[in-house]
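Note sheet for the following structure.
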Amino acid sequence: MCQESERRALLQLKQGLVDEFNVLASWGSKKDCCEWRGIACNNQTGHVITLNLSNNSSDDYIDAETSLRGEIDHSLLELRYLNYLDLSFNDFGGIMILKFIGSLTRLKELKLARANFSGHVPSQLGNLSNLHTLDLEGNSDVSFESLEWLSHLSSLRYLHISDIDLSGNRNWPQSLSKLTSVIELQLFECDLSVNLRSLSSINSSASFQALDLSFNSLNSSIFYWIANVSSSNLVHIGLRENDLQGPIPDVFTNMASLKFLDLSENQLEGGIPKFFQSLRSLESLHLEWNQFSQNIEESIKILSCADNTLMDLDLSQNRFWGSLGLDLTSFTELKFLSLSQNLLNGSLPESIGQLSSLESLDVSDNSALSINLSSNWNPPFQLNDLYMSSCKVGPAFPKWIQTQRNLTNLHINNAGLILDSLPEKFLDQFSGLEDLDLSLNHIHGKLPNFSTSLLKYVNLSSNLFSGALPSFPPTIQYLILSENKLSGPLSSLCATQAPNFFLLDLSVNLLSGELPNCWMQFPALELLNLGKNKFSGKLPISLGNLQLLWILRLHASIDISSNHLVGDIPENITSMLKLNSLNLSRNNLTGKVLEKFGNLNRLESLDLSRRQISGRIPSSFSSLNFLSVLDLSYNHLSGRIPLGTQLQSFNASAYMGNSGLCGPPLTQQCPGDGTTQNPGVTTGTEYDDDGIISMGFFVSTVLGFATGFWKVPAHY
């Protein structure tokens, strides 16, 4: 049984907390507080020794709905024998970390990660001489007035203060060098910077074994500080996304115990240095997103001396070059290999099959690399991930891929030479496949049966698939089948219940018939593109159920004529750069014709007739070179029709009913003209009161716009 005074203290602590989902329902329901959620007691004395109110069920999952909020009552001080306190992943609304926690001198572990604290970390925590774990990570509004008091924590072994702004602590290297007992230090995303002068005179008593300084602004001088504060037992170094430049310095030679090294997303140059041969315990090496330039065979040869321990190797996003004719027999433990976005050439060798433990292979975006393994090649590994995008694959669909029954992710898009159909019962062979991208190829035949798969993301666009649209699995979230030759109705969609389906693109196909009335089955849909097909009939009422939809394309055409729309034309309509047809006629729209209409240089048909618009026709209209249908009649336009062969080629009826409008083809002259204008003169820009329109307008396509900018009478 727990001590009565401690039981009362816990109940008082509960009163100060906001527990909307009754997470602490067991507190008070049982008399023995040792049986309450998050409480552990000493078996002999009954004193509470553990208070764990952490809100995460795993390292990657936090349920915001079940977060505790409110105040932390001083009654916590009654738990004098407490050695473990965890309030992580809750929401304490920006309150300060309480000074009185420094009085809980028996604490060995204090975890306050991502709990929305703020203010300075109280130096009173320096009184916790028994503390061996301090985790304040993720409290972005917390700061350290000084780091010096950390050296008073003589038992501290694990210090996690990532995502806390330490930019005000210029002497952080000196302060941390005094942490004699800390073996693991996590300081990623702390806005740290350093220069060589600040490190030159540091005497270190620290001996870190794991050090993560990723996502800061550190330059290459940090390597020498790491060498100074590390022990021969150093196992982990993280320096991802800093300002490291130049070649890797020779500071790792004596780090024979190093298992994890991440130098990715920097500006390092040269290649993998030969002294890496001494890193005989290395298991994970990340050098991606740098500027390394080295023959790939030389790189692999250096790493092959690492006593077969390497399991994770990422050299992607660099300039490694040469052929992959490699002897990989020494990499018996390698599970993850990424060589993507380099300058590799030649053919992927069958020696890749020597990597019997391989689970993930990425050689994508090496455009000179061929994947033409023999049809009877049967590798010993079973991959979870295979990425071969923008490599030379084909013309047949690789048979060896069908031996990989554990695939979760398969990308062979933009291979260019696959002229084959998919193997029979293609998806039946990959029961766990979730992400499939075969786009930008020449694959023909019918689509596979998706309905029994676990697919979430599918991109088969820009191929030659034909036939009817199959039904899809309830797991589908992202589906692009545009630019194929699919035909028939969309009725098969109604066989799918997909609550997380957020993107569907079936544009540029031969689909026909009426749109089905089952869109309520896809409540999460945000983008729906059915443009450039052969649909007919009325829009189904269930489209109105798509409350999250923000892009809808049924035709790059918009026709909302013969309504009672009032107000000005919204300017954002001119950002719809792929629009072919626009009809706003027979409304009560007023204002002027937008100057930026010239941006819509793909317009083939424009009808702005029978409205109340006024002013000049913008000179940018002379840029509408594809315009074959134009109607600006019966408005209040005035001034000269801009000169340009396209605008003068229309019949005068396109401009009639605008009493102030003049110039060819409506009239030969405008008032005040001394001579007839030459309709054949085209300059691409018009110099008049409307100004000059630039032709260098290149912006990405916007597929939709909100008609809510217009004011519509309530009874419509």
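In what follows, residues are counted from 1 in the order of the sequence shown.
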Do other residues, nucleotides or ligands put more than 12 heavy atoms under 6.0 Å from the [atom1] atom of [X]?
X      : atom1 : result
Glu145 : CD    : no
Trp149 : CH2   : yes
Asn43  : CG    : no

So, [X] versus [Y]: side-chain donor-acceptor pair below 3.5 Å or not?
X      : Y      : value
Arg37  : Ser26  : no
His411 : Asn459 : no
Asn52  : Thr50  : no
Gln209 : His236 : no

Task: Full working for side-chain hydrogen bond (donor to acceptor under 3.5 Å, both in side chains) between Glu184 and Gln186 - done: CA-CA 7 Å; Glu184 181 177 309; Gln186 292 190 13; 3.2 Å; yes

Task: Parallel, tilted or perpendicular: rings of Phe252 and Phe276 (30°, 60°) - done: perpendicular

Task: Trp36 side chain vs Lys30 backbone, donor-acceptor pair below 3.5 Å - done: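 Checked: pair present.
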
Task: Side-chain (Asn55) to main-chain (Phe89) donor-acceptor, under 3.5 angstrom - done: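 Yes: the side chain of Asn55 pairs with the backbone of Phe89.
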
Open item on the list: For Met96, give me all partners under side-chain contact (heavy atoms from CB on, under 4.5 Å), at least two apart in sequence or on another chain.
Closed with: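 Residues passing side-chain contact (heavy atoms from CB on, under 4.5 Å) with Met96: none at all.
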
Task: disulfide bond (SG atoms under 2.5 Å apart) partners for Cys190, two or more places apart - done: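 With neighbours one apart ignored, the set is empty.
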
Task: Cys34 vs Cys41, disulfide (SG to SG under 2.5 Å): CA-CA, chis, key distance, verdict - done: CA-CA 6 Å; Cys34 298; Cys41 299; 2.1 Å; yes

- [ ] Mind checking the OG1-CD1 spacing from Thr496 to Ile476? Nearest 0.5 Å is all I need.
- [x] 9.0 Å

- [ ] Nearest 0.5 Å please: distance from the OH atom of Tyr81 over to the OG1 atom of Thr105.
- [x]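 Result: 10.5 Å between the selected atoms.
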
Task: side chain to side chain donor-acceptor pair (under 3.5 Å) contacts touching residues 130-139 (sequence neighbours left out) - done: Arg114-Glu137

Open item on the list: Exactly one of Ile183, Leu131, Val182 should register a side-chain contact (heavy atoms from CB on, under 4.5 Å) with Tyr158. Which one does?
Closed with: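 Running side-chain contact (heavy atoms from CB on, under 4.5 Å) over Ile183, Leu131, Val182 with Tyr158 returns exactly one hit, Ile183.
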
